[in-house]
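A short worksheet on the structure shown next.
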Amino acid sequence: MSDTDKRQSLRAGRGIVTVLAVLPLVLAGFVVGYGVGSGGDRPGVDVDEAWQDGNGTFDHAPLAASFVATQVAGPAPQSPAVLPVGTSADLGIAVTHLQFALDESTVRPDHTAELRLPVAVPPDSEGMTVEVASVRPVSCLCSLTAATAPPYGAVWDSVEIDADATEVVFDVSGAISAPGRYAFAVTSPDRNAYLELEGAEYGSGPNLRTISAVPPVRPVPPTMPAPLPYPTGPTVPSPSPTQDPTATADAASPDAPASTDPAPSASTSPAPATDPVPSVDPSADPALPAADPTTPQGPPTQPESGQVEDHLSTCTTGAKLIPSCGALVGVAPAAHTSRDKEQAHLEFESRVEHDQQIYHAYERGAARLFPTPEQIALTEDPQHPRTLFINWKPQMAEWGAIAAGDPETDAYLDRLAEHLKANFHKPFFFTVHHEPENDVDPTAGSHMEPSDYADMFRYVVERLRGAGVDNLVTVMNYMGYLKWVEKPWHGDLYPGADVVDWIGVSGYGQSLKDDGHSDFGEIVDQTKGEGAWPGFYHWIAREHPDKPMMLAEWGVFHVDEYPGHQKTVFEAARYQMAHYPRLKAIVYFESPNAEGRNSEVHLEEDTLEAYRELMRSPYFDVKLE
């Protein structure tokens, strides 16, 4: 029997995709100290045994284990036998959602955490990439659909799954920072791969394993009072994993994103509906642990128990402008025109009916200092918070000469530093000579070699920082044309993790593949034939997993031969965002004449409405702070 036949057999025999008659599952919270995982064959133990004489390992069964799919309009099924991840013809894009309850009786401050997911049906292909990200817990599965699923927060781990895989194990240690409810989304950026994980009722099922340090048991002198077996002090957040140190679920870290959650938007688009919370659970799933608030067990709760849920109620930006969940949106307005760019930005916002938090502006050489008064004014509207993305292309000398200390460039950078310190203190995106690939001269001694670019980028950033400029959020902005990624020098362009905060890519529909069929997924993660290049999204996940991804420029060109192409891409983008939890900002390049092509979104009314619908997605409900 083929894997496809097995998958269809699993669906037919277990009814996992039958969502038309699904009853809602109300997650009424959790009971402090209850024996999560103690039912059936679950490896649960009494609290006293676990902490006084145990090894500190605890397997938490899920409060909920379900999935959403883009081709299934109904709510998430209550307790499916298997949990699909990836893309299939019948489900579309499927994302598994899991929720767990933890308290201080089952996890200590010094701990590690693993999300362990047994595989029911492995992928057909080798090397399927699967990722796990934090999301907001929902109060009822009746509110969880593909259209309303909470946007992604921190990506904690990424693994590759082969056809012989029997279990997926993710390191989510950094996600667990305090007692409370935690939720995770398991997804894949692979658009042609699919697998099924075991559900809560199937086999061993998913669990969240925490391994905490157990204090040694020492004799207590008879003259001293016996100590309490459980700590009463505040819980200390655990360190973030190396997979995604740009984000953590700890609300005490203002510049690091927590788990995902749709947030009130600063835009003019309507706020998403809140989850309905019935007062009584008429259909609690007998396969899942029941909450019983009248019978507490184990040690007393600490005051912060349950606060994790509140961390996820609003998507906000931190010190590096990384959203705690969701993604920022922006625009480079009226590009390649002489129009007033700031006014064009406001007009674009009005046209698409959504605030554009990022204003992408282009500066060259030493013509003027930036931000200009007009650019600064655009960021000072408290009703419509915005930041800048300044794209500066130095023209005073070649890259190698700038890195060596070109006097003219140094003088400009020193003036720029004084200007910034005196006039603009908000964090803003900044890149140096975006899309450098087109200007590389690999000839030895040309001063325009790839390593010269990396040195120049570093030199500019370090000189500004050294002069006291502390509000740069640096972006390494690659060109999306795939002919460059095959160059042997492509890897030498990267300036270094300490001077790069975000990795940006420029990508356009109808520029990489002029057949009318390219879509948003190809813009984000374009591959080329059977070559080694995995796509920019995959490459960032593998090579720079601690960096958020930005579409620093993206656009779809209107072509008479394919009149509906723009609309198709915008419509696809709304659901293809489910593939890309690392994508934290998209900035549209709006131009009537981008090398002879028009990327404006308002040329057709149905195209404009498709873009408006994209902007209304919960992924873009982010509060810029």
Side-chain angles (χ1 to χ4, degrees), residues 1-19 22 25 37 39-43 59-72 74 76-100 114-133 141 144 146 149 157-170 172 183-209 285-289 578-579:
M1 181 182 292
S2 69
D3 285 343
T4 300
D5 291 337
K6 285 189 290 184
R7 175 161 59 83
Q8 292 172 344
S9 176
L10 279 167
R11 292 211 187 93
R14 300 172 186 142
I16 69 155
V17 193
T18 305
V19 297
V22 168
L25 169 64
D41 297 327
R42 293 306 216 166
D59 285 346
H60 302 76
L63 289 175
S66 192
F67 69 92
V68 298
T70 56
Q71 291 190 18
V72 178
Q78 179 175 317
S79 53
V82 295
L83 304 168
V85 176
T87 303
S88 65
D90 50 353
L91 293 179
I93 302 169
V95 178
T96 283
H97 286 257
L98 303 161
Q99 298 189 35
F100 300 90
E114 296 175 343
L115 187 59
R116 306 181 71 88
L117 309 173
V119 174
V121 179
D124 293 330
S125 57
E126 297 296 311
M128 178 182 177
T129 300
V130 185
E131 298 184 310
V132 62
L141 289 181
L144 183 62
D157 202 358
S158 176
V159 298
E160 287 193 358
I161 305 301
D162 294 324
D164 58 352
T166 59
E167 186 178 43
V168 182
V169 180
F170 294 112
V172 293
F184 300 96
V186 181
T187 187
S188 174
D190 297 1
R191 290 178 291 143
N192 297 301
Y194 177 89
L195 66 83
E196 288 177 351
L197 306 167
E198 292 184 3
E201 292 183 286
Y202 179 88
S204 56
N207 72 73
L208 178 62
R209 174 172 294 177
D285 185 356
L288 298 177
H579 280 302

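The figures that follow rest on heavy atoms only: side chains count, while hydrogens, waters and symmetry mates do not.
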4.5 Å side-chain heavy-atom contact, D164 and P122: no
Donor-acceptor pair, side chain of E198 and main chain of G205, under 3.5 angstrom = yes
Worked check of side chain to side chain donor-acceptor pair (under 3.5 Å) between E131 and T187: CA-CA 5 Å; E131 298 184 310; T187 187; over 6 Å; no
key: Note, V121 side chain near V82 side chain (heavy atom, < 4.5 Å)   = no
Counting distance only, does the side-chain N/O of T129 pair as donor-acceptor with the main-chain N or O of S188 below 3.5 Å? no
Separation between CZ (F184) and CD (Q99), nearest 0.5 Å, reads 10.5 Å
### Task
Please tell me if the side chains of S79 and E201 come closer than 4.5 Å, counting only heavy atoms from C-beta onward.
yes
In short, V68 meets A146 closest at the heavy-atom pair CB-N, 3.7 Å
(message) Keeping N207 on the side-chain end and A61 on the backbone end, is there a donor-acceptor pair under 3.5 Å?
(response) no
CZ of F67 to CD1 of I93, rounded to nearest 0.5 Å, is 14.0 Å
When every non-hydrogen atom of L141 is compared with those of S66, the smallest separation belongs to CD1-CB, 4.1 Å
Practice item. Decide side-chain contact (heavy atoms from CB on, under 4.5 Å) for V159 and V169; before the verdict, give the C-alpha distance in whole Å, the side-chain angles of both, and the deciding distance to 0.1 Å. Key: CA-CA 8 Å; V159 298; V169 180; over 6 Å; no
Worksheet item: Under 4.5 Å between any side-chain heavy atoms of Q71 and D90, yes or no?
Response: no
Expected output: side-chain D162 to main-chain E126 donor-acceptor under 3.5 Å | no
Is it true that a side-chain atom of T87 and a backbone atom of N192 form a donor plus acceptor pair closer than 3.5 Å?
-> no
Rounding to 0.5 Å, atoms CG (L83) and OG1 (T96) come to a distance of 4.5 Å
OG of S125 to CD1 of I161, rounded to nearest 0.5 Å, is 11.0 Å
- Check the pair D59, L208 against side-chain contact (heavy atoms from CB on, under 4.5 Å), reporting the backbone distance first and the verdict last. CA-CA 6 Å; D59 285 346; L208 178 62; over 6 Å; no
So CD of E114 and CZ of R209: to nearest 0.5 Å the spacing works out to 6.5 Å
Residue pair M128, E160: steps toward the side-chain contact (heavy atoms from CB on, under 4.5 Å) verdict
CA-CA 5 Å; M128 178 182 177; E160 287 193 358; over 6 Å; no
Only residue of L115, L117, V85 satisfying side chain to side chain contact (heavy atoms under 4.5 Å, CB included) with V168 is L117
Practice problem: Report yes if the side chains of P123 and Y194 come closer than 4.5 Å at any heavy-atom pair, otherwise no. | Solution: no
Residues P118 and S204: closest non-hydrogen pair is CG-OG, 3.2 Å
